[in-house]
Number of protein chains: 2
Amino acid sequence: MNAGPHIAEVAALIGDPARANILTALMDGRALTATELSYRAGVSPQTTSGHLAKLTESGLLAVESQGRHRYFRLATPAVAQAVEALMMLTTHTPPRYRPPSREDQAIRLARTCYDHLAGKLGVAVTEALLDRACIEPVGRDYRVTATGDAFLRDLGIDLDKAKRQRRAFARQCLDWSERRPHLAGALGAALATRGFELGWISRAGDGRALQVSAAGHKALNDLFGVALSG
Amino acid sequence: MNAGPHIAEVAALIGDPARANILTALMDGRALTATELSYRAGVSPQTTSGHLAKLTESGLLAVESQGRHRYFRLATPAVAQAVEALMMLTTHTPPRYRPPSREDQAIRLARTCYDHLAGKLGVAVTEALLDRACIEPVGRDYRVTATGDAFLRDLGIDLDKAKRQRRAFARQCLDWSERRPHLAGALGAALATRGFELGWISRAGDGRALQVSAAGHKALNDLFGVALSG
DNA sequence: TTCATAATTCGATCTTAGCCGAACCGTCCA
DNA sequence: TGGACGGTTCGGCTAAGATCGAATTATGAA
């Protein structure tokens with residue numbers, strides 16, 4: 001009768017360490033193979049297979065077969081959002097003080113969230129765009145101004161292509177470490193992709209953490225007036 | 001090493017039916033006694049006691065002793081947000097079609113979220129305030145305009161008192177059924193409280209669902225130009 | 001003081017579900 | 001066609017934890 005049982009079902013699904021590892025491994029929006037996920041989950045392939053079946057069956061993951069590989073990814077942004085919300089609880093309610101690790105530091109500085117920029121980097125870029133009146137918040141979205149339209153096209157971003165996608169164009173996404181909104185949606189993804197193309201950012205290791213290159217720091221400073229401190 | 005295990009811990013906590021019932025029972029922001037929660041959870045008082053201990057120990061619930069009663073409530077809005085995010089997953093990823101029940105309908109129309117208005121009602125009121133330039137979105141918050149300041153004071157809302165509170169003043173809160181933001185924070189709570197005082201809304205049953213009185217419908221129409229359809 | 005009620009602790013039971021070994025299906029490549 | 005590899009299915013083991021009965025502590029009321 002209540003909603004309780006329903007959320008318990010999905011929460012229990014996320015509540016297994018192996019499955020939680022799978023979900024967090026997919027938080028960068030990429031699609032990974034079952035074997036890769038098995039490694040990331042820290043359990044055997046057979047066990048992983050069972051977990052993946054449950055996750056897809058319940059609609060948390062989407063799967064696509066390519067040859068003898070099966071690629072799994074988060075089914076919807078809502079899944080990523082729920083995982084983010086749970087992450088917020090792990091830091092926001094500290095049972096006792098836990099000194100931040102090096103990886104913690106790195107991932108707070110710059111990371112991907114689903115498929116766009118997050119962390120200090122994502123928030124800084126978003127706020128710089130706001131400062132320069134390139135975008136403005138409208139409800140749960142951002143609107144791109146005329147100024148922003150020109151600016152982003154100059155940067156080499158195909159706004160029309162981003163607009164044609166079926167997903168939300170420019171959404172506000174809440175950051176679990178900064179607890180401030182950053183740019184998500186098709187535009188956020190396009191911006192991140194362009195950053196990769198230009199060599200400003202690159203993936204550090206196999207996680208969500210990002211490395212900002214020297215060229216990236218320079219561009220950040222020149223274009224946005226942002227100095228990202230380690 | 002990963003964040004996986006951390007979120008698994010908290011997700012598993014929410015993933016038990018009894019505990020999920022407890023959390024959803026507290027979603028309206030009220031504080032309930034252990035016995036009441038035992039009833040809502042559908043398990044014996046002993047079992048409930050164990051669950052409540054775990055939930056408070058892990059920082060999801062806060063507890064306050066009053067005489068021989070112990071009142072439990074959600075520790076932070078972040079907890080409510082996580083539960084909301086999980087609710088979104090239960091509806092947003094339908095494994096198969098589930099016909100909406102009557103209670104579903106009611107709770108989608110008008111309910112409380114933590115301590116402010118949500119559902120169609122909450123979203124409609126918020127958007128009416130936006131239309132009339134009473135509030136405007138700023139980042140993850142709303143800002144009250146001069147127009148809005150006058151309007152809300154006219155309504156009998158003590159804005160100064162709301163501003164003095166330690167919590168966020170006017171936050172954007174995402175709705176799981178409407179998937180659009182509505183007014184939360186101290187101002188959202190004050191608005192809801194005023195609605196109760198004026199007899200426009202009242203609690204329906206013991207859940208989060210709200211009943212909108214005839215006077216409420218009239219006020220909604222007169223003040224906001226909103227006609228809430230069942 | 002005495003009794004009732006709120007809430008917790010302890011101990012025992014029992015179900016659930018994660019896990020891996022082994023075997024099995026399908027695709028790719030030589 | 002045979003072998004290698006990605007992925008899944010099956011079966012049995014094991015451990016974790018949810019549950020309640022009974023007893024215990026603490027508060028409030030008579």
Side-chain angles (χ1 to χ4, degrees), chain A residues 2 4-26 30-58 60-73 75 95 206, chain B residues 2 4-26 30-58 60-73 75 95 206:
Chain A
N2 225 340
H6 298 134
I7 81 159
E9 220 170 301
V10 60
L13 219 49
I14 308 178
D16 174 77
R19 285 193 294 261
N21 281 332
I22 290 173
L23 290 170
T24 54
L26 294 171
R30 284 181 297 186
L32 300 179
T33 65
T35 311
E36 170 70 13
L37 287 172
S38 156
Y39 171 72
R40 302 287 275 271
V43 291
S44 73
Q46 312 93 290
T47 305
T48 306
S49 180
H51 287 313
L52 291 173
K54 283 187 186 173
L55 288 170
T56 52
E57 179 140 7
S58 58
L60 294 190
L61 294 188
V63 60
E64 196 178 341
S65 292
Q66 267 180 34
R68 58 181 166 178
H69 294 274
R70 297 189 77 198
Y71 284 91
F72 293 86
R73 61 179 174 77
D206 52 4
Chain B
N2 226 341
H6 297 133
I7 81 159
E9 220 169 301
V10 60
L13 219 49
I14 308 176
D16 173 77
R19 285 193 294 260
N21 281 333
I22 290 173
L23 290 170
T24 54
L26 295 171
R30 283 180 297 186
L32 300 179
T33 66
T35 311
E36 171 68 14
L37 287 172
S38 155
Y39 171 73
R40 302 287 275 271
V43 291
S44 71
Q46 312 93 290
T47 305
T48 306
S49 180
H51 288 312
L52 290 173
K54 283 185 186 174
L55 288 170
T56 52
E57 180 139 7
S58 58
L60 294 190
L61 295 186
V63 60
E64 196 177 342
S65 291
Q66 265 181 35
R68 59 179 167 179
H69 295 275
R70 298 188 76 198
Y71 284 91
F72 295 86
R73 59 179 175 79
D206 53 2

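Keep in mind that the numbers below use all heavy atoms, side chains included, and drop hydrogens, waters and symmetry copies. Bear in mind that the values here come from a model prediction, so they are computed numbers and not experimental data. Residue numbers begin at 1 in each chain, while the letters A, B, ... track the order of the sequences.
- At least one side-chain heavy atom of Arg40(B) sits less than 4.5 Å from a side-chain heavy atom of Leu32(B).
- The residue among Arg19(A) and Gly50(B) whose nearest nucleotide of DNA chain C lies closer to the 5′ end is Gly50(B).
- Under the side-chain contact (heavy atoms from CB on, under 4.5 Å) criterion, Ser44(A) pairs with Gln46(A), Thr47(A), sequence neighbours left out.
- Look at OH on Tyr71(B): it is 11 Å from C1' on dA6(C), rounded to the nearest Å.
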What string of B, S and - do you get for nucleotides 25-30 of chain C, 5' to 3', when a contact is any protein heavy atom under 4.0 Å? --BS--
Yes or no on side-chain contact (heavy atoms from CB on, under 4.5 Å) for Thr35(B) and Thr48(B), after CA distance, side-chain angles and deciding distance? CA-CA 8 Å; Thr35(B) 311; Thr48(B) 306; over 6 Å; no
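- Within the 4.0 Å cut-off from OP1 or OP2 of dC20(C), at least one side-chain nitrogen or oxygen of Thr47(A) is found.
- The CG atom of Leu37(B) sits 11.0 Å away from atom OH of Tyr71(B), with the distance rounded to the nearest 0.5 Å.
- Thr56(A) contributes a side-chain N or O that, together with a main-chain N or O of Leu52(A), makes up a donor-acceptor pair within less than 3.5 Å.
- Residues satisfying the side-chain contact (heavy atoms from CB on, under 4.5 Å) criterion with Ala53(B), sequence neighbours excluded, are absent altogether.
- Residue Thr33(B) is classed as a sugar-phosphate contact, given heavy-atom separations below 4.0 Å to backbone atoms only.
- Interatomic distance, Phe72(A) CZ to Leu26(A) CG, rounded to the nearest 0.5 Å: 9.5 Å.
- First and last contacting nucleotides of DNA chain D toward chain B (any atom under 4.0 angstrom from a heavy atom, 5' to 3' order): dA18(D) to dG28(D).
- Of the candidate nucleotides dT9(C), dA7(C), dC19(C), dT9(C) has the atom nearest to the side chain of Gln46(B).
- Comparing the end axes of the helix from dT1(C)-dA30(D) to dA30(C)-dT1(D), each fitted to five base pairs by superposing C1' atoms of four pairs onto the next four, gives an inter-axis angle of 20° (nearest 10 degrees).
- Of the possible donor and acceptor atoms, none in the side chain of Ser38(A) sits under 3.5 Å from a partner among the backbone N and O of Ala34(A).
- Residues satisfying the side-chain contact (heavy atoms from CB on, under 4.5 Å) test with Ala18(A), not counting sequence neighbours, are Asp16(A), Ala41(A), Val43(A), His51(A).
- To the nearest angstrom, C1' of dT9(C) lies 14 Å from NZ of Lys54(B).
- When the side-chain nitrogen and oxygen atoms of Ser49(B) are compared with OP1 and OP2 of dT8(C), one or more of them lie within a distance under 4.0 Å.
- The CD1 atom of Ile14(A) sits 8.5 Å away from the OG atom of Ser58(A) when rounded to the nearest 0.5 Å.
- For the pair Arg19(A) (side chain) and Leu13(A) (backbone), a donor-acceptor distance under 3.5 Å is present.
- Atom CD of Glu57(B) and atom P of dT9(C) are 11 Å apart (whole Å).
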